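One structure below.
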Amino acid sequence: MNNAENFHFGYLLPTRGVVVAAAGGAPETDPIFTLAKKAENLGLDSVWLGDSVLAKPRMESFTTWAAVLASTERVQVGTAVMLAALRHPVMLAQSMSTLDCMFPGRVLPGLGVGRTDLKFEFETIGVPINERARRFSETVEILKLLMRESRADYAGRHFSFEGVALEPRPKSPGGPPVWLSSNLVDSGLKRVARLADGWITNSITADLYRQCWEKILMYADESGRTEEVEKIPQCLYVTMNINPDGVKAEAQCGEFLSKYYHKTFDEVRKQLLVIAGDGDRVEAQLREYAAEGARVFVVRFAGGVQEEQLENFVSELLPRFK
């Protein structure tokens, strides 16, 4: 994925959108599978799922993950991002290994720590919010250990075990690649440098992106992983509205995000990478990140109709990169 001409484009499925549309009732799930197949047929490389239990309720990640994999044939299916510290690492490892057995080469776990404003979600599930980062690091260590070794011991602050043999064993050597998310936070970037098979970020400027990557490489050198880390996929998560009518794209995106986050559009843009406009504008901004090394783009559409956004994306943008 780091080849200069080899770009990878993914689409975030609206697993929260169908729950919101249900207004407290049982959601209509067919759109998830229809959109996943449409993305595959339109030539995208992957589809992705968000993760939340209480903070922003959506369809549960693992069951949806398996169902989307089964309903498609070619695309990879990933999580952007799964809050891994909400799950016990041994159970998490078994679930991921099982998915890899059924769909080898198509499982892309993207994992993240979660923000401090998710305290209610974490602590309701039994994870103190101030422990989440350390639990997350141990969880990633355990995932990789159990999928790499036939029998393993582990001794950490939060998790310890002896003689655990994970079954089923993954089909992919060492299990599916584990991508870790971090913006410009030293502890997160150190974790990427030490443990990640891929890096996910939504850095709001290309300059911040560059600063993050430089730090990852610095920390990789300290960990003795420079050669390995230099080759990992660099993934940009971007919220987008693309339309030949750039004014319409901006208006739809702003209306959607201000309602979604209960903030002004300007405030949202200070915290998230948001691109709205026609093909020229979107390409120009993505090229800034590509110049810094980004080769994987995971796109969440904000505003408008998902099917129309997918079609606009494929007609307005993909030919410029493929």
Side-chain angles (χ1 to χ4, degrees), residues 49 51 53 60-63 65-66 69 76-114 122 125-182 186-200 216 219-233 235:
L49 314 169
D51 184 45
V53 181
E60 193 278 324
S61 297
F62 263 104
T63 49
W65 202 352
L69 281 160
Q76 293 179 294
V77 185
T79 53
V81 292
M82 177 172 283
L83 303 176
L86 292 177
R87 283 94 174 167
H88 191 284
V90 177
M91 296 294 292
L92 189 63
Q94 187 189 40
S95 296
M96 286 189 184
S97 185
T98 299
L99 281 182
D100 186 67
C101 286
M102 295 189 290
F103 308 101
R106 295 180 58 208
V107 180
L108 276 181
L111 310 180
V113 173
F122 274 83
I125 292 173
V127 178
I129 194 68
N130 61 355
E131 293 182 2
R132 75 193 189 288
R134 180 60 196 170
R135 284 175 177 266
F136 179 71
S137 292
E138 291 189 13
T139 294
V140 177
E141 292 169 356
I142 291 167
L143 278 176
K144 296 174 76 69
L145 176 67
L146 290 180
M147 288 192 283
R148 183 179 67 244
E149 306 292 340
S150 59
R151 186 173 297 273
D153 302 334
Y154 186 85
R157 183 182 304 173
H158 300 289
F159 304 103
S160 297
F161 52 78
E162 294 182 359
V164 170
L166 177 70
E167 292 189 77
R169 302 301 301 160
K171 281 192 178 179
S172 302
V178 177
W179 295 13
L180 302 182
S181 68
S182 182
D186 280 355
S187 59
L189 298 175
K190 287 179 182 178
R191 189 182 299 112
V192 171
R194 186 168 65 90
L195 295 169
D197 302 311
W199 171 49
I200 302 174
I216 288 170
Y219 294 134
D221 185 59
E222 295 173 1
S223 300
R225 288 188 76 216
T226 298
E227 186 174 347
E228 182 178 352
V229 169
E230 285 178 341
K231 299 176 183 178
I232 68 173
C235 173

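Nothing here was measured: the structure is a model prediction, and the numbers come from that model. Note that the numbering runs from 1 along the sequence shown for the chain.
Nearest heavy atom pair, residue Cys101 against residue Arg169, reads SG-O, 2.9 Å. Summarising the geometry of Phe136 relative to Gly112, their closest heavy-atom pair is CE1-O, 3.3 Å, with the distance given to 0.1 Å. Scanning all heavy atoms of the two residues, the minimum distance from Ala133 to Arg191 falls at O-NH2, 3.7 Å. Of all the heavy atoms in Pro177 and Val107, the pair that sits closest is CD-O, 4.0 Å. Nearest heavy atom pair, residue Arg151 against residue Gly163, reads NH1-O, 2.9 Å.
Side-chain atoms of Asp100 never come within 3.5 Å of backbone atoms of Gly175 as a donor-acceptor pair (strictly under, hydrogens ignored). The closest donor-acceptor contact from the side chain of Arg132 to the backbone of Leu83 lies at 3.5 Å or more, if one exists at all. No donor-acceptor pair under 3.5 Å is formed between the side chain of Arg225 and the backbone N or O of Ala220. Using modelled atom types, one side-chain atom of Gln76 and one backbone atom of Gly105 make a donor-acceptor pair closer than 3.5 Å. Side chain of Ser97 to main chain of Pro168: a donor-acceptor pair is present (N/O by atom type, distance under 3.5 Å, no hydrogens or angles). Distance alone, capped at 3.5 Å, is enough to place a donor-acceptor pair between the Arg106 side chain and the Leu69 backbone.
Rounding to the nearest 0.5 angstrom, the gap separating the CD atom in Glu138 from the CG atom in Leu145 is 12.0 Å. Interatomic distance, CG of Leu99 versus NZ of Lys171, reported as 12.5 Å (0.5 Å rounding). Atom CG in Leu111 sits 7.0 Å away from atom CG in Leu92 (nearest 0.5 Å). Here the OH atom belonging to Tyr154 is positioned 8.0 Å from the OG atom belonging to Ser160, to the nearest 0.5 angstrom. Atom CZ in Phe62 sits 4.0 Å away from atom CE in Met82 (nearest 0.5 Å). Note: Met96 CE to Leu108 CG = 10.5 Å, rounded to the nearest 0.5 Å.
Between Phe159 and Glu141, every side-chain heavy-atom pair lies at or beyond the 4.5 Å cut-off. Asp51 has its side chain out of reach of Thr79: every pair of non-hydrogen atoms, C-beta onward, lies at least 4.5 Å apart. The side-chain heavy atoms of Ser137 and Arg194, taken from C-beta on, include a pair separated by under 4.5 Å. Between Leu189 and Trp199, the closest side-chain pair of non-hydrogen atoms falls below 4.5 Å. The side-chain heavy atoms of Phe103 and Val77, taken from C-beta on, include no pair separated by under 4.5 Å. Leu146 places a side-chain heavy atom less than 4.5 Å from the side chain of Val90. Residues Val192 and Tyr219 are not in side-chain contact: their nearest non-hydrogen atoms beyond the backbone lie 4.5 Å or more apart.
Looking at Lys144, Arg148, Lys231 one by one, the single match for salt bridge (charged side-chain N to carboxylate O under 4.0 Å, His left out) with Asp197 turns out to be Lys144.
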